[in-house]
Amino acid sequence: RAEGHEVLLAIPLEPNDYPAEDPGPHTLLTTLPTDENIKRLQWLMSRYTGYIGITNFMGAKFETVPASLRPVLEEAKRRGLIYLDDGSVEGSVAGQIAEELELEYATVHVLLEAGSLDKALAELEAAARSRGAAIGVAKAEAATVKQIAEWAGSLEDKGLVLVPVSTALRSPRQS
């Protein structure tokens with residue numbers, strides 16, 4: 001973290017077509033009682049240390065059901081964590097709930113996908129220039145990581161700088 005790296009814990013959330021598409025054991029589900037989802041969340045969080053927040057893994061259904069998502073975000077706030085919404089869920093209520101809870105959160109601006117990485121990185125640069133900061137997310141595949149590392153080396157010449165996600169996040173307490 002001293003070198004500007006931060007870790008987020010990906011929490012498996014129910015997709016629309018669960019169980020046909022299964023994010024794995026301990027997935028948080030809209031059909032479970034709140035206390036069971038919190039138990040699963042706590043189990044997941046107990047397996048790792050050093051993370052500054054949580055992010056969704058899948059969750060097309062879970063992130064659209066306020067009664068299911070709110071307790072998860074309340075638990076994140078209680079623990080002093082941020083929430084990073086990967087931006088992939090149309091109709092996600094994460095931002096609305098986070099604002100109500102005054103939970104520090106961010107929404108990804110650009111998904112960096114193999115095959116269109118050059119275009120996505122250009123979009124990320126444009127978003128950073130227009131917004132003052134932008135967040136991109138990519139799968140940690142060898143070729144993608146290599147290309148992003150090369151791109152990162154060119155940012156200083158473009159007048160841009162990489163910052164940790166906690167620096168770029170959106171919060172009701174920040175302007």
Side-chain angles (χ1 to χ4, degrees), residues 1-16 23-24 26-28 30 37-38 40-66 68-114 117 120-121 123-128 130-141 144-145 148 151-152 160-175:
R1 187 152 188 208
E3 295 180 25
H5 302 284
E6 294 177 330
V7 175
L8 296 166
L9 180 63
I11 303 296
L13 302 176
E14 181 180 1
N16 280 327
H26 305 285
T27 296
L28 280 59
T30 58
N37 274 331
I38 295 301
R40 288 177 177 212
L41 176 65
Q42 290 171 342
W43 185 90
L44 291 159
M45 291 190 298
S46 74
R47 298 308 183 253
Y48 304 94
T49 62
Y51 50 89
I52 60 133
I54 58 175
T55 187
N56 59 301
F57 175 65
M58 297 186 171
K61 183 172 184 180
F62 196 90
E63 275 199 331
T64 63
V65 180
S68 296
L69 185 58
R70 179 178 292 277
V72 171
L73 298 185
E74 288 172 342
E75 182 69 10
K77 179 169 174 80
R78 187 180 74 73
R79 291 173 177 252
L81 300 171
I82 70 166
Y83 186 73
L84 178 67
D85 185 337
D86 75 4
S88 66
V89 177
E90 189 174 324
S92 172
V93 295
Q96 175 188 340
I97 293 171
E99 285 182 21
E100 291 168 7
L101 297 175
E102 295 185 345
L103 168 68
E104 293 183 307
Y105 75 99
T107 300
V108 170
H109 300 105
V110 180
L111 293 173
L112 306 170
E113 297 180 300
L117 199 51
L121 291 170
E123 288 175 23
L124 187 61
E125 288 178 26
S130 68
R131 299 172 177 267
I135 300 170
V137 172
K139 289 184 181 176
E141 298 168 343
T144 302
V145 170
I148 291 172
W151 167 81
L160 296 171
V161 63
L162 289 180
V163 297
V165 71
S166 62
T167 301
L169 62 81
R170 179 175 62 210
S171 166
R173 295 184 297 276
Q174 297 173 332
S175 58

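- Side-chain N or O atoms of Glu104 include none that pairs as donor or acceptor with a backbone N or O of Ile82 at under 3.5 Å.
- Interatomic distance, CG of Leu103 versus CD of Glu74, reported as 10.0 Å (0.5 Å rounding).
- Between the CD1 atom in Ile97 and the CG atom in Leu69 there is a gap of 4.5 Å [rounded to 0.5 Å].
- Residues Thr64 and Gly91 share a closest heavy-atom pair of CG2-O, 3.5 Å.
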*Walk me through it: do Leu81 and Ile52 pass the test side-chain contact (heavy atoms from CB on, under 4.5 Å)?*
CA-CA 6 Å; Leu81 300 171; Ile52 60 133; 5.8 Å; no
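- For the pair Leu121 and Val110, the minimum side-chain heavy-atom distance is 4.5 Å or more.
- When the side chain to side chain contact (heavy atoms under 4.5 Å, CB included) test is applied to Ala134, the partners found at least two apart in sequence or on another chain are His109, Leu124, Ala127, Ala128.
- With values rounded to the nearest 0.5 angstrom, Leu9 atom CG is found 6.5 Å from Leu44 atom CG.
- Counting all heavy atoms, side chain and backbone alike, Asn16 lies closest to Ala60 at ND2-CB, 3.5 Å.
- Here the straight-line distance linking atom OG of Ser166 with atom CG of Leu8 works out to 9.0 Å at 0.5 Å rounding.
- Paired with Asp85 under the rule side-chain contact (heavy atoms from CB on, under 4.5 Å), one option of Val108, Ile135, Thr107 passes, and it is Thr107.
- Minimum heavy-atom separation, Ile148 to Ala138: CD1-CB, 3.8 Å.
- In this view, Glu125 and Trp151, Lys158 satisfy the side-chain hydrogen bond (donor to acceptor under 3.5 Å, both in side chains) rule, not counting sequence neighbours.
- Listed by first then second residue, pairs satisfying salt bridge (charged side-chain N to carboxylate O under 4.0 Å, His left out) with a partner in residues 53-63 read Glu14-Lys61, not counting sequence neighbours.
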*Assess whether side-chain contact (heavy atoms from CB on, under 4.5 Å) is satisfied between Tyr83 and Lys77, documenting all intermediate values.*
CA-CA 9 Å; Tyr83 186 73; Lys77 179 169 174 80; over 6 Å; no
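- A search for side chain to side chain contact (heavy atoms under 4.5 Å, CB included) contacts involving Glu141 returns Ala114, Lys139, Thr144, not counting sequence neighbours.
- For Pro23, the side chain to side chain contact (heavy atoms under 4.5 Å, CB included) partners at least two apart in sequence or on another chain are Pro12, Pro15, Tyr18, Thr27, Phe57, Met58.
- Residues in residues 48-57 take part in these side chain to side chain donor-acceptor pair (under 3.5 Å) pairs, two or more places apart or across chains: Asn56-Asp86.
- Contacts of Glu75 classified as side-chain hydrogen bond (donor to acceptor under 3.5 Å, both in side chains), with partners at least two apart in sequence or in another chain: Gln42, Arg78, Arg79.
- The side chain to side chain contact (heavy atoms under 4.5 Å, CB included) check on Ala133 picks up Ala168, with sequence neighbours excluded.
- Rounding to the nearest 0.5 angstrom, the gap separating the CG atom in Leu28 from the CD1 atom in Ile11 is 7.0 Å.
- Residue Thr167 holds its OG1 atom at 11.0 Å from CG of Leu162, rounded to the nearest 0.5 Å.
- Under the salt bridge (charged side-chain N to carboxylate O under 4.0 Å, His left out) criterion, Glu100 pairs with Arg70, not counting sequence neighbours.
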